[in-house]
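Comments concern the structure below.
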Amino acid sequence: MSRKKILAVDDEEHILDLIEYNLLAGGYDVLKAETGEDALEIIKAERPDMVLLDYMLPGIDGIEVLKAIRTDSKYKKLPVIMLTAKSDEFSKVIGLELGADDYLTKPFGVHELVARIKAVLRRTEGTEDIPEAGNEEKITIDRIMINRTTRVVTVGGNNVELSMKEFDLLYLLAKNRGVVFSRDMLLEKIWGYDYSGETRTVDVHIRNLRKKIEEDDTNPVYIKTVRGVGYKFA
């Protein structure tokens, strides 16, 4: 099996060296960039399997790099983990709403970094329990059709673009229609490990999903909030 190639983008050399050392030891190949401009050039030239992207960068910042990735059809599925020294909710929410797969707040532990990389790669590779060709697994509920095999979602016959995490959330809820999932349960099942209190992540993804599949996302009929508990597909 070929080694996964990870691009680390940070303007602090010691952080890049720390990431490189630990990822090489973990069996990954590592590319490094200190600016957003360099990061975009490396993405085009090297086609990494994942990007670790610092929020604060000289020149083009991390958010602008993320926007560029998500609006380019060739790279919009590229997994991105945001690295940020900002611990406020606003910074985290912006990254998640723009399509970041995960985020880590500095300072972070290298073991946690490696665990999150593995979890995101596992989810985005789409290799878990894939039905055989010609035996597509589909869920149809009212106007919504979810094809797990092709990872295509349509609403009223129109394709809806979802991020990896949004698709996984929708599929899990729809497959278990009527079952109430707490935010902690969704964090564990979709993100692959205990986020310990980072339930805002779930709320942001649910809000984005509602905007894409509900006729009126302020009065949802599909993804319902169960007050004090979590969410369910009605």
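What's counted below: heavy atoms across the whole structure, side chains too, no hydrogens, waters or symmetry copies. Throughout, numbering of the chain's residues begins at 1 and tracks the sequence.
Within the structure, ring pair (Phe, Tyr, Trp, His ring centres under 6.0 Å) contacts touching residues 14-37 (residues at least two apart or in different chains) do not occur.
Sparse packing is recorded around NZ of Lys118, with 12 or fewer heavy atoms of other residues, nucleotides or ligands lying under 6.0 Å away. Around atom NZ of Lys77, more than 12 heavy atoms belonging to other residues, nucleotides or ligands sit under 6.0 Å away. Atom CD of Glu215 is surrounded by 12 or fewer heavy atoms from other residues, nucleotides or ligands within 6.0 Å.
Proximity of a side-chain donor or acceptor of Lys224 to a complementary backbone N or O of Pro220 within less than 3.5 Å is detected. The main-chain N or O of Val221 is found under 3.5 Å from a side-chain atom of Glu214 such that the two form a donor-acceptor pair. A donor-acceptor pair under 3.5 Å is absent between the side-chain atoms of Ser182 and the main chain of Gly230, judged by distance alone. Put simply, the side chain of Arg70 gets close to the backbone of Lys76: a donor and an acceptor are under 3.5 Å apart. Put simply, the side chain of Arg210 never gets that close to the backbone of Asn219: no donor and acceptor are under 3.5 Å apart. Looking only at distances, a side-chain donor or acceptor of Asp49 sits under 3.5 Å from a matching main-chain atom of Lys5. In this structure, the side chain of Arg183 does not engage the main chain of Val202 through any donor-acceptor pair within 3.5 Å.
Following chains of ILVMFWY side-chain contacts shorter than 4.5 Å, one cannot reach Val152 starting from Leu169, and the two form parts of different hydrophobic clusters. Under a hydrophobic-cluster definition in which Ile, Leu, Val, Met, Phe, Trp and Tyr are linked whenever side-chain heavy atoms come within less than 4.5 Å, directly or via other members, Val65 and Ile63 are assigned to the same cluster. Taken together through direct or relayed side-chain contacts under 4.5 Å among Ile, Leu, Val, Met, Phe, Trp and Tyr, Leu172 and Met145 form parts of separate hydrophobic clusters. Residues Val51 and Leu16 do not share a hydrophobic cluster, clusters being chains of Ile/Leu/Val/Met/Phe/Trp/Tyr side chains in contact below 4.5 Å. In the hydrophobic clustering of ILVMFWY residues, with side-chain heavy atoms under 4.5 Å counting as a link, Leu24 and Val114 come out together.
For the atom pair CZ of Phe108 and CG of Leu18, the computed distance is 6.5 Å after rounding to the nearest 0.5 Å. Atom-to-atom distance recorded for Leu170:CG and Asn208:CG is 12.5 Å, nearest 0.5 angstrom. To the nearest 0.5 Å, atoms CG (Leu31) and CG (Asp38) are separated by 12.0 Å. To the nearest 0.5 Å, atom CE of residue Met185 and atom CD1 of residue Ile190 are 11.0 Å apart. Between the CD1 atom of Ile19 and the CD1 atom of Ile117 there is a distance of 7.5 Å, given to the nearest 0.5 Å. To the nearest 0.5 Å, atoms OH (Tyr171) and CG (Asn176) are separated by 8.5 Å.
Between Val226 and Tyr231, every side-chain heavy-atom pair lies at or beyond the 4.5 Å cut-off. Ile43 places a side-chain heavy atom less than 4.5 Å from the side chain of Leu78. Under the 4.5 Å side-chain criterion, counting only non-hydrogen atoms from C-beta, Lys175 is not in contact with Phe233. Residues Asp217 and Arg207 form no side-chain contact, since every pair of their non-hydrogen atoms from C-beta on lies 4.5 Å or further apart. Here the side chains of Lys106 and Tyr55 are not in contact, with every heavy-atom distance at 4.5 Å or above.
Taking both residues in full, the closest heavy atoms of Leu57 and Gly36 are given as CD1-N, 3.9 Å, listed atom of the first, atom of the second, then distance. Of all the heavy atoms in Leu53 and Gly62, the pair that sits closest is CD2-O, 3.2 Å. Between Leu162 and Leu209 the shortest heavy-atom distance is CD2-CD2, 3.9 Å. Smallest separation of non-hydrogen atoms from Met50 and Val120: CE-CG1, 3.5 Å. Closest approach of Leu7 and Ala39 over heavy atoms only: CD2-O, 3.8 Å. Taking each heavy atom of Met56 and Asp11 in turn, the nearest pair found is O-OD1, 3.8 Å.
With respect to Ile144, the side-chain contact (heavy atoms from CB on, under 4.5 Å) criterion is satisfied by exactly one of Val155, Val160, Ile139, Thr154: Val155.
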* **From CA spacing to verdict: side-chain contact (heavy atoms from CB on, under 4.5 Å), Asn22, Leu113** => CA-CA 9 Å; Asn22 285 278; Leu113 173 63; over 6 Å; no
* **Working for salt bridge (Lys or Arg N to Asp or Glu O under 4.0 Å), residues Asp54 and Lys32** => CA-CA 12 Å; Asp54 188 30; Lys32 297 188 293 183; over 6 Å; no
* To do: Evaluate the salt bridge (Lys or Arg N to Asp or Glu O under 4.0 Å) criterion for residues Asp168 and Arg151: first the C-alpha distance (whole Å), next the side-chain angles of each, then the deciding distance (0.1 Å), finally the verdict.
  => CA-CA 9 Å; Asp168 291 340; Arg151 297 183 73 86; 3.0 Å; yes
